[in-house]
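I have a structure I would like to understand better, so I am pasting it below and will then ask my questions one at a time.
Both ligands and their constituent atoms are indexed starting at 1 by order of listing.
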Amino acid sequence: LSECFSSGLLSGLDVVITAGPTREAIDPVRYISNHSSGKMGYALAQACAEAGARTRLISGPTRLSCPANVERIDVVSAQDMLEAALACKADIFIGAAAVADYRPETIAAQKIKKQGSDSASTTLTLVQNPDIIATIAAGTHKPFMVGFAAETENIVDYARNKLIKKRLDLVIANDVSRHDIGFNSDDNAVTLISAASEEYLEPRSKYQLALELVRRIAIAYR
Ligand code: CTP
Ligand code: CA
């Protein structure tokens, strides 16, 4: 594996990766988000840079430091992430971010006050966020598109639907119901799905998995 990397499997190519969660503001002090650590996306960025790609990492808020030779573009909301993605030229685009599917319809300018004790519940109206990878895949200069699919059931079926619906070339399906691997863990196991194939990659560190995924992405791209 290391031989492929030293030979610059992705040299001369622009790779853009989204990673981490997004945060959708409710008011100046509150937001909606998720538990994504960003580790898988950052590991992929490191592996792409090591394979010689010019690598840009569009990252939501994480606790991670930027891998060597990777240009990080920090964003907060899904809307920001889409704008950053549209501004980057890419030969290969990898959507590893856990983008919030919905955002509050309006962001209150002031901190929302708790209602009186006579109103025990409240409602927040949410509107759907744009789908970043589907938007990039629908553009005029469509990069080679790699998406993730976070699923808790019917993993391969649901992931394959995403491949078709979003016009992706590869989908990396993650079983997020497993607690030993995935979302916030250091290890992961995935099923790599293309139009013609699917293959389960056994659990290993996210960095080792990223090396294997980048090798397969490079082969599929060429
Ligand atoms: N994704 C994206 N923009 C969104 C939502 C998702 O770019 N607004 C990308 C993710 O980065 C991932 C892929 O789409 O690469 C699949 O994300 P996932 O949450 O599994 O799928 P959804 O299409 O959002 O469907 P659902 O959450 O209902 O399963
Ligand atoms: Ca989603």
Among all the protein's non-hydrogen atoms, which is closest to atom 23 (O) of ligand 1, and how far away is it?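 Sorting protein heavy atoms by distance from atom 23 (O) of ligand 1 puts K166 NZ, 2.6 Å first.
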Does S194 use its side chain to pair, donor to acceptor, with the backbone of A196 at less than 3.5 Å?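 Flag set: sc S194 to bb A196 pair under 3.5 Å.
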Is N129 reaching over with its side chain to a backbone N or O of A100, donor-acceptor style, under 3.5 angstrom?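 Yes, the answer is positive, given that a donor and an acceptor are paired below the 3.5 Å cut-off.
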Checking contacts here: is it the side chain or the backbone of A78 that comes within 4.0 Å of ligand 1, counting heavy atoms only? Could be both or neither.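 For A78, no heavy atom sits under 4.0 Å from ligand 1.
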Nitrogen or oxygen of K162 less than 3.5 angstrom from that of ligand 1: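 Such a contact does occur with ligand 1.
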Enumerate the side chain to side chain donor-acceptor pair (under 3.5 Å) contacts for residues 56-65, please, sequence neighbours excluded, ordered by first and then second residue.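 Applying side chain to side chain donor-acceptor pair (under 3.5 Å) to every pair that reaches into residues 56-65, excluding sequence neighbours, yields Y42-S59, Y42-T62.
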Could you note down all residue pairs passing side chain to side chain donor-acceptor pair (under 3.5 Å) where residues 80-97 supplies at least one of them, sequence neighbours left out?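 Found D14-K89, S77-D80.
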According to a 4.5 Å side-chain heavy-atom criterion applied to Ile, Leu, Val, Met, Phe, Trp and Tyr, with indirect links allowed, do I58 and V70 form part of one hydrophobic cluster?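 No, I58 and V70 fall in different hydrophobic clusters.
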At the 4.0 Å heavy-atom cut-off, does Q128 count as touching ligand 1?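 No.
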Could you go through the side chain to side chain contact (heavy atoms under 4.5 Å, CB included) check for Q79 and E24 one step at a time? CA-CA 9 Å; Q79 206 84 40; E24 310 300 329; 6.0 Å; no
Test item: S36 side-chain N/O and N34 main-chain N/O as donor-acceptor pair under 3.5 Å: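 Here the side-chain-to-backbone pair does not exist.
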Can you find an N or O of A100 that's nearer than 3.5 Å to an N or O of ligand 1?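 Among all N and O atoms of A100, none is under 3.5 Å from an N or O of ligand 1.
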Anything protein N, O or S sitting under 3.0 Å from the Ca ion (ligand 2): count it and give me the total.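 Under the 3.0 Å cut-off, the count stands at 2.
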Provide, to 0.1 Å, the distance between atom 13 (C) of ligand 1 and the closest protein heavy atom, together with that atom's residue and name.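 For atom 13 (C) of ligand 1, the nearest protein heavy atom is F148 O, 2.9 Å.
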For E212 and Q208, run side chain to side chain contact (heavy atoms under 4.5 Å, CB included): C-alpha distance rounded to whole Å, both residues' side-chain angles, the deciding distance at 0.1 Å, then the answer. CA-CA 7 Å; E212 186 60 36; Q208 286 301 326; over 6 Å; no
Looking only at protein heavy atoms, identify the closest one to atom 15 (O) of ligand 1 and say how far it is in Å.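 Looking only at protein heavy atoms, the one closest to atom 15 (O) of ligand 1 is G95 O, 2.6 Å.
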Output yes when the distance from some N or O of ligand 1 to some N or O of A150 is under 3.5 Å, and no in every other case.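 A150 vs ligand 1: N/O contact under 3.5 Å present.
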Does any N or O of ligand 1 fall below 3.5 Å from an N or O anywhere on E151, backbone included?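 In this structure, E151 places no N or O atom under 3.5 Å from an N or O of ligand 1.
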Salt bridge (Lys or Arg N to Asp or Glu O under 4.0 Å) contacts in which one or both residues fall within residues 102-122, not counting sequence neighbours: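 Residue pairs with at least one partner in residues 102-122: there are none.
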For atom 28 (O) of ligand 1, the option (of V99, D101, I133) bearing the nearest heavy atom: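 It is D101 that holds the nearest heavy atom.
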With atoms numbered from 1 as shown, which atoms in ligand 1 lie under 4.0 angstrom from a non-hydrogen atom of A97?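 By the 4.0 Å cutoff, the relevant atoms are 10 (C), 11 (O).
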Enumerated ligand 1 atoms positioned under 4.0 Å from heavy atoms of G147: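 Those of ligand 1 that fall under 4.0 Å from G147 are 15 (O).
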For ligand 1, find out whether one of its N or O atoms is nearer than 3.5 Å to an N or O atom of I132.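 Yes; the residue has a nitrogen or oxygen that sits under 3.5 Å from a nitrogen or oxygen of the ligand.
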So, taking the atom named CG in D131 and the one named CD1 in I136, what distance separates them when rounded to the nearest 0.5 Å?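 D131 atom CG to I136 atom CD1 measures 10.0 Å (nearest 0.5 Å).
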Does P130 have a heavy atom less than 4.0 Å from any atom of ligand 1?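 P130 counts as a contact of ligand 1 under the 4.0 Å cut-off.
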Can you measure from OG1 (T152) to CG (N174) and round to the nearest 0.5 angstrom?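 It comes to 11.5 Å.
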Just by modelled atom types, is the M145 backbone N or O under 3.5 Å from a matching donor or acceptor in the R167 side chain?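 Checking the backbone N and O of M145 against the side chain of R167, no donor-acceptor pair under 3.5 Å is found.
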As an exercise, identify every atom of ligand 1 less than 4.0 angstrom from a heavy atom of A149.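 So the answer, numbered in order with elements, is 20 (O).
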Is it the case that more than 12 heavy atoms not belonging to K165 sit under 6.0 Å from its NZ atom?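 No, NZ of K165 has 12 or fewer neighbouring heavy atoms, counting only those of other groups under 6.0 Å.
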